[in-house]
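What follows is one structure encoded as structure tokens, with my remarks underneath.
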Amino acid sequence: MTGADFAEIERDGGRAMAFTGSLTLAQLGDLPTRLAGPHPALTQVDLAGIDRIDTIGAWIIHRFALETGATITGASDDTMHLIEQVSRSDQSMKVRPDRVLPLVRVLAEIGEATQIAGRTLLGLLGFFGAVCIAFWNVVRHPSRFRLNAVIQRFEVVGVKAFAIIGLMSFLIGLVIAQQGALQLQQFGFESFTINLVGRITFRELGVLMTAIMVAGRSGSAFAAELGTMKLTEEIDAMRTIGISPNEALVLPRILAGVFMMPLLGFYASLVAVGGGGLFCWISLGIQPVTFIQRIREVVPMTDLYIGLIKAPVFGLIIALSGCFQGLQVEGNAEQVGLRTTASVVQAIFLVIVVDALFAVFFTSIGWV
């Protein structure tokens with residue numbers, strides 16, 4: 001292997017710079033210094049005589065041809081491809097970014113966030129349509145229904161969540177009763193603490209807090225599981241052998257969310273009322289029998305119906321968000337964490353928005 005060298009020759013009525021040897025970092029020597037001089041009337045850069053070339057050599061040839069205005073000739077296809085790649089990277093870069101006014105930067109970030117939210121919402125709606133198609137295919141072909149997968153999801157979403165949801169609901173009922181009684185005692189109406197605990201628990205907080213807990217517990221698990229399967233190409237393998245991921249993976253999780261949320265919401269409401277009743281018994285002297293009788297009097301059945309109607313919708317939203325974000329994972333393991341976080345945030349946001357819409361709707365039809 002010889003070192004890099006060059007010589008000016010006459011060719012086709014013009015002057016050409018013919019390079020020989022190996023244009024690699026180890027063999028360049030003082031070639032860049034010798035090339036620095038003026039080379040008038042140079043029309044061609046001949047690379048027919050070179051043995052090897054690396055990125056550094058390609059960069060030197062590219063810059064030399066650019067400065068002299070000469071045309072590169074005699075190079076092999078691989079050499080020309082490398083020089084073209086180097087030339088694409090020859091772009092000026094700013095040492096310091098342009099100074100942007102804070103107001104403009106904030107508006108740009110708001111606009112970008114709005115675009116991302118819009119695209120995500122459209123993607124979620126499209127994903128919901130794909131799930132509906134998968135559900136219809138399973139209805140038409142019952143043999144595709146995976147009962148074992150659905151039962152397993154029931155256990156993960158529902159049975160294993162009883163303890164944490166029960167503890168959370170009990171404490172929330174206790175706190176609502178304590179804070180409500182503290183304020184109502186100023187007016188001598190502490191007995192109305194029962195009304196406060198009963199109505200706010202069955203109508204709103206029982207189902208809403210359960211949905212938030214399920215989003216953080218099960219929705220994040222859905223996103224992490226599907227995201228990991230996407231990274232390890234298990235989902236692509238399922239498609240290759242003719243199994244629909246929506247039917248095999250997404251549908252069981254959505255069914256679990258839809259069917260288990262009413263049970264969990266009702267359970268959470270009962271436990272929260274129990275926590276409030278315990279406080280009323282200990283602090284206000286209201287006997288459990290009196291508390292239960294008063295709950296039956298002040299809490300209309302419509303409050304229970306409202307909670308049971310909202311619960312499956314919340315479960316659908318949570319499962320959809322988790323599965324959708326999990327299937328969006330691409331590239332590396334960091335995406336799993338980002339998409340898992342996005343699934344929880346998205347599910348909680350949509351649950352609260354839908355809960356507000358439900359509140360307006362039920363008020364408008366007289367369920368108050």
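Numbering of residues begins at 1 and proceeds along the displayed sequence.
Residues Phe162 and Tyr267 are in side-chain contact: their nearest non-hydrogen atoms beyond the backbone lie under 4.5 Å apart.
Taking the six-membered ring for Trp and thresholds of 30 and 60 degrees, Phe64 and Phe19 have ring planes more than 60 degrees apart, a perpendicular arrangement. The aromatic rings of Phe358 and Phe314 stand perpendicular to each other, their planes meeting at an angle above 60°, with 30° marking the opposite boundary. By the 30° and 60° cut-offs, the orientation of the rings of Phe259 relative to Phe154 is perpendicular.
One distance of note links CD of Glu247 with CD1 of Ile133; it measures 10.5 Å at 0.5 Å rounding. Between the CG atom of Leu66 and the CD1 atom of Ile61 there is a distance of 12.5 Å, given to the nearest 0.5 Å. Expressed to the nearest 0.5 Å, how far CD1 of Ile348 lies from CG of Leu208 amounts to 9.5 Å.
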Could you go through the side chain to side chain contact (heavy atoms under 4.5 Å, CB included) check for Val271 and Ile165 one step at a time? CA-CA 9 Å; Val271 175; Ile165 289 178; over 6 Å; no
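Using a cutoff of 4.0 Å between basic side-chain nitrogens and carboxylate oxygens, Arg253 and Glu225 are scored as salt-bridged. Between Glu204 and Lys310 a salt bridge is recorded (basic side-chain N to carboxylate O distance below 4.0 Å).
Atom CG of Asp77 is surrounded by 12 or fewer heavy atoms from other residues, nucleotides or ligands within 6.0 Å.
Cation-pi contact between Arg294 and Phe192: present, with separation from the ring centre below 6.0 Å and deviation from the ring axis of at most 45°.
Side-chain contact, Thr79 with Ser76: a donor N or O sits under 3.5 Å from an acceptor N or O.
Grouping the Ile, Leu, Val, Met, Phe, Trp and Tyr side chains by contacts below 4.5 angstrom, directly or via other members, places Phe145 with Ile151.
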